[in-house]
Structure formats: C-alpha cells, structure tokens
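Below, all heavy atoms of this structure are taken into account, side chains as well, without hydrogens, waters or symmetry copies. Ligands are counted one by one from 1 in listed order, and the atoms in each one are counted from 1 as well.
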Amino acid sequence: MTSQPSAPASTDPAGGRRAVRRALVSVYDKQGLEELARRLHGAGVEIVSTGSTAARVAAAGVPVTPVEQVTGFPECLDGRVKTLHPAVHAGLLADSRRPEHLAQLDELGIAAFDLVVVNLYPFAATVASGAAPDEVVEQIDIGGPAMVRSSAKNHPTVAVVVDPARYDEVLAAVEGGGFTLAQRTSLAAAAFAHTAAYDTAVASWFAQQVADQAGAGDDPAAGGPAAPAFAGTTGALVSTLRYGENPHQRAAVYRTGERAGLAGATQLHGKAMSYNNFVDTDAAVRAAADHDAPAVAIIKHANPCGIAVAAPGAGDPVADAHARAHACDPVSAFGGVVAANRPVTRAMAAQLAEVFTEVVAAPAFDDDALEVLTAKKNVRLLVVEPAPREASAQEWRRIDGGLLVQQVDLVDAPGDTPSGWTLAAGPALDDAGLADLEFAWRAVRAVKSNAILLARDGASVGIGMGQVNRVDSCRLAVERAGAERARGSVAASDAFFPFADGVQVLLDAGVRAVVQPGGSVRDAEVVAAVEAAGATMYLTGVRHFAH
Ligand SMILES: NC(=O)c1ncn([C@@H]2O[C@H](COP(=O)(O)O)[C@@H](O)[C@H]2O)c1NC=O
C-alpha cells in the first residue's frame, strides 16, 4: 500500500516569504505585460515565456527564455502543446520544503519556478460572440489551467497570478523580497476560483450543445427540448452584508457572470445595502423595466405598493410617474425601495426627499438630483444597469437539495399586448381604455400571486397581493383603492379566475374593465358575471404568476 507523503509545516520566521528568482509568464491578455517584464527583470528574475508572450517581452528589450528551451520540445499542434511538459510541471510542483523534491529536480536537471503569471484563452467571450463550435472549442485553454492548478496546489512554494489587475501587488512583493505564505495562499485561492469559473463555463456550453443536438420534442416528459444535463454558476464575493433577512443570519452578496447587474451596481450614496434592500431593489428594478414609457415602481417586502408610467405630455415624465406611483399607497411607500427606468431628475429627487426611502435605483441621476438626495444621510442611491430582456436569460432558485432553473418571465408574448387579446365580454374599450388596461397587465406581473391590480390613467390605484385565494386579492385591491378610486378603474389579474366570486368583487366596486389570461373551466360563469354588470373583459391567453 502506498501513502501520500504528509506536507511539512512552514517554519519560516518571515511568514514563509520566498524570494522570486524564476518566473513563467504565459498570457493571452497582454495588458501590463511590458511593465511587468521590465520590473521582474530589474528585480533579477529570470523570465521564461511562451510564443507570442516571449516575443512581446523580447520586443520590449527584456531578456526572456523561450519555453522550448526549457522543454527541449517545439510548440506544436497550433499551440495546443506548449507548456504541457514535465520540465515545466515538475518545476511548478516541486515543494521547496521537501529536500527529496529538490534532490530529484537536481537529478533531472530541472529548475524550479517561484512565480507563474498566466491568463487564459477567452472562452466565454468567444461563446458570446456567436462563434461556430470549432472556433469555441479552439478557445478552450488546456495548458494554461494546468499551469495555474499546478502552481496553486504548490502555493507553499510558488506564487500564481491570473489577473493583470494584480500585477502591482505582484511587483510590490517581488521587489520587496518575495511573497509571504499568506499572499501565495490568497493568490492560489483566486487561481482555483478562476479555473473553476472557466471550467463551469466550458461544461455549461458543452451541456447546452448536447441538449441542442437532442432537439425539440426529445424529452417526452417536458414535451420540448431536453434541458442541459449540467447547470453551474460561480460567484465572486462583492461584499459581506451586515446580516441576512434577520439579524441572526449571516449573509453576503456575490457577483455571477459578465453583467454588472444589481450585484455590481454603483452605489453613489448612503449606508451599505442590506440583504432585504437587495431583494426589494431587484424586484423594483425589474418592475420598472417592464414598461417602455418612463416608469417608477415602489416596492415593500418584494411587492409593489405603487407603479406608474408618466402621463402623456407630462413636463417631467419620471417625476410625474413617481408622484403617481407614490399616490397609490403613501402609507406603505414609507421606507420603500424606489426604482425608475429613466434618470432621476431634480423634480423627482425633491419629491423623494419628502418621504423616508431606503433605496433609489435608476440607470442614472442628474447632477442636481444628486445634490438634493445626497443631503439625505440615509438614502442609498444606486446606478443599476437595466437587465436585458432576452428569452435566453435564466432565473435560478435554490430548493432543499437542488436548484430550480427557468427562463425569465418576459412580457413579450403576442397576448401581452391588446392586439393579441380576445374580447370576451362587454363593449370594446377605446384606445385610452386599452392603454390603461395594458398598463395594468404589465404592472400586475410585478405583484406576488395571487395578484390583482387596479389602475387608472397609467397608475396603480389598488393592489391585492400574495393572498392564498383570488377572491381575497380582489377584496384587498378594492379596499386599498377605496370606493372612489375603484369606481371606473380597470383591473388585471395575473392568472385566471377559478370562480366568478373574485371578479364579482371587482364589478361590485365599479371596475369597468378586466384583463386576465382565461382558461378556467368556469370561464363562462366569469364572463357571464362581467356581461351582467355591463363591464368589459379581455383574455390574454398568457399567465404571469410570480411566486
Ligand atoms: N497548450 C499549452 O501547452 C499552453 N500553454 C499555455 N497556453 C496558453 O497560451 C497562452 C499564451 O500563449 P502565447 O504566449 O503564445 O500568446 C496563455 O493564454 C496560456 O494559458 C497553452 N495553450 C492552450 O492550451
């Protein structure tokens, strides 16, 4: 039986600091390379490099040893084999704390490396460019990750750097006498995170290719294309949060993927974002982004307490949308999160300054709006890049022992616009009425199911959210609106009415038109109730549950 030799503990009094004498540099992204090479050379470091990296270093007038000289083997197969050689990997994996490793290197005539600087072929960017499969596969780096993993495993001896943004830190360490063990460990952690993210992207792409090849209808259970056999994502810490949903829960926010999104938003002002702020801001930004016209959504506990678009011809559209969203439920708007789909203007800022608001999120803030809002100590101001409206975007939700993955719910089906609706009861609405009903339909999607939203003139006036039956949501929406605002309003329901009781509550309150998906076995009873009240009902054929 063989056993793994146990690693000796570091006894170095200088925190494991090791001088850097020999570096292996092989980078696809050449930014900062000349400066790095010049200063490594200036610090007495021998540089070994691959093909075009070596050419760039030499062109900068810095002495460089081509890796072929180390391997005694030419680069071959269009660069598929450059550094995959024992003379490289033994030099990366020899543990300087083990005399037998050093003796073996001597015997074999292999010199050890102290520093590895590598960045990888741009796999994700090549996929994003829409390149053909052969080109994508060619951009799977093999030798690079191998070097990164070898040197990261051997971090008690070798320092590994995968990010040009860390060259300053690297040079400071090299010029200051070498890396400490703590620095090499931190670099190794970043290196393994980098190769894990890289391999996750490769595995996801392959799984999608296989699923696509299976084709539509190949998964009888789903009645459509088979889902990819692998789903993976990786996250990079943005910040540790003060606490989670409650003070006894630890929490943090991580960034995934290429887009900055909310996790990578720029905070211009205010206290650090909390866990609940992130949840509510996510809902608010999404709710505002569902409208093409200037729109504002005010969110409390992940539900809207007001959504509005600007009235046609409004002098300051985003301020108008905010004023009308706020008017829906001023009591609940206290301590809310506000998102706009247009830059925040001074007029909107002046309105916001009157109300205690946790977060304001927008694609931008006018300078004079910032002047007003930064005078408020506690409000958090976030510049958030709007989410792309693409069917390929996915939503992930953890469940116990697993993960639910779905396409994002877009409001872009034919049934999401009046031209795709069916008039099921009553007289057809005029253009203004239809525009109001379309606004209600777009807005109700932001409300947790069972969702009923009453609107007039492009603004919500009563919202019934999150009830466990639809009739209670109707009652809540009517109660929130009050008798006067409910009378003559229009209503949207995120899913069909299973019975006529819910719609009857709306009709009794004087709602003049209702839009809903339809599809209940009792649709005829629902339609009959609307007809009897002399109101109008349209069916969309599309449902927008939000759980
Ligand atoms: N095949 C190999 O042995 C190999 N060794 C290093 N690379 C990669 O080649 C790139 C650098 O090559 P060049 O110096 O020729 O531009 C780096 O991104 C590095 O990760 C390799 N390429 C791909 O696997």
Min N/O separation Gly79 to ligand 1 under 3.5 Å: yes
Atoms in ligand 1 with a heavy atom of Tyr28 nearer than 4.0 Å: 17 (C), 18 (O)
Ligand 1 contact by Met147, heavy-atom criterion under 4.0 angstrom: yes
Protein heavy atom at shortest distance from atom 10 (C) of ligand 1: Tyr121 CE2, 3.5 Å
Salt-bridge contact Arg38-Glu34 (side-chain N to carboxylate O under 4.0 Å): no
Nearest protein heavy atom with distance in Å, relative to atom 20 (O) of ligand 1: Asp141 OD2, 2.7 Å
Parallel, tilted or perpendicular: rings of His194 and Tyr198 (30°, 60°): tilted
Per-atom contacts of ligand 1 with Leu84, taking only distances under 4.0 Å to non-hydrogen atoms: 3 (O)
For the student: nearest non-hydrogen atoms of Val379 and His269, plus distance: O-CD2, 3.1 Å
Derivation and outcome, side-chain contact (heavy atoms from CB on, under 4.5 Å), residues Val279 and His301: CA-CA 8 Å; Val279 172; His301 294 248; over 6 Å; no
Which residue and heavy atom of the protein sit nearest atom 13 (P) of ligand 1, plus the separation: Ser52 OG, 3.3 Å
Which of the ligand 1 atoms, numbered from 1, are nearer than 4.0 Å to a heavy atom of Ile142: 23 (C), 24 (O)
Side chain, backbone, both or neither: Arg80 near ligand 1, heavy atoms under 4.0 Å: backbone
Protein contact of atom 14 (O) of ligand 1 - nearest heavy atom, named by residue and atom, plus distance: Thr53 OG1, 2.4 Å
Per-atom contacts, ligand 1 versus Val118 - under 4.0 Å to a heavy atom: 20 (O)
Residue-ligand contact Glu75/ligand 1, heavy atom below 4.0 Å: no
Residue portion contacting ligand 1 (non-hydrogen atoms closer than 4.0 Å) for Glu138: neither
For Gly51, atoms of ligand 1 separated by under 4.0 Å from a heavy atom: 14 (O), 15 (O)
Charged N-O contact under 4.0 Å between Lys82 and Glu68: no
Closest non-hydrogen atom pair between Thr374 and Leu381, with its separation: CG2-CD1, 4.2 Å
Salt-bridge criterion met for Arg380 and Glu358 (N-O under 4.0 Å): yes
Nearest-contact summary for atom 9 (O) of ligand 1 - protein heavy atom, Å: Lys82 NZ, 3.0 Å
Distance-only polar pair, side chains of Asp409 and His544, donor-acceptor under 3.5 Å: yes
Tyr275 atom OH, over 12 foreign heavy atoms within 6.0 Å: no
Nearest neighbour in protein (non-hydrogen) for atom 19 (C) of ligand 1: Ser26 OG, 3.4 Å
Plane angle bin for Phe73 and His85 - parallel if under 30°, tilted between 30 and 60°, otherwise perpendicular: tilted
Gly143 N/O to ligand 1 N/O under 3.5 Å: yes
Arg22 atom CZ, over 12 foreign heavy atoms within 6.0 Å: yes
Winner among Thr50, Thr83, Val25, Asn119 once heavy atoms are compared against atom 17 (C) of ligand 1: Asn119
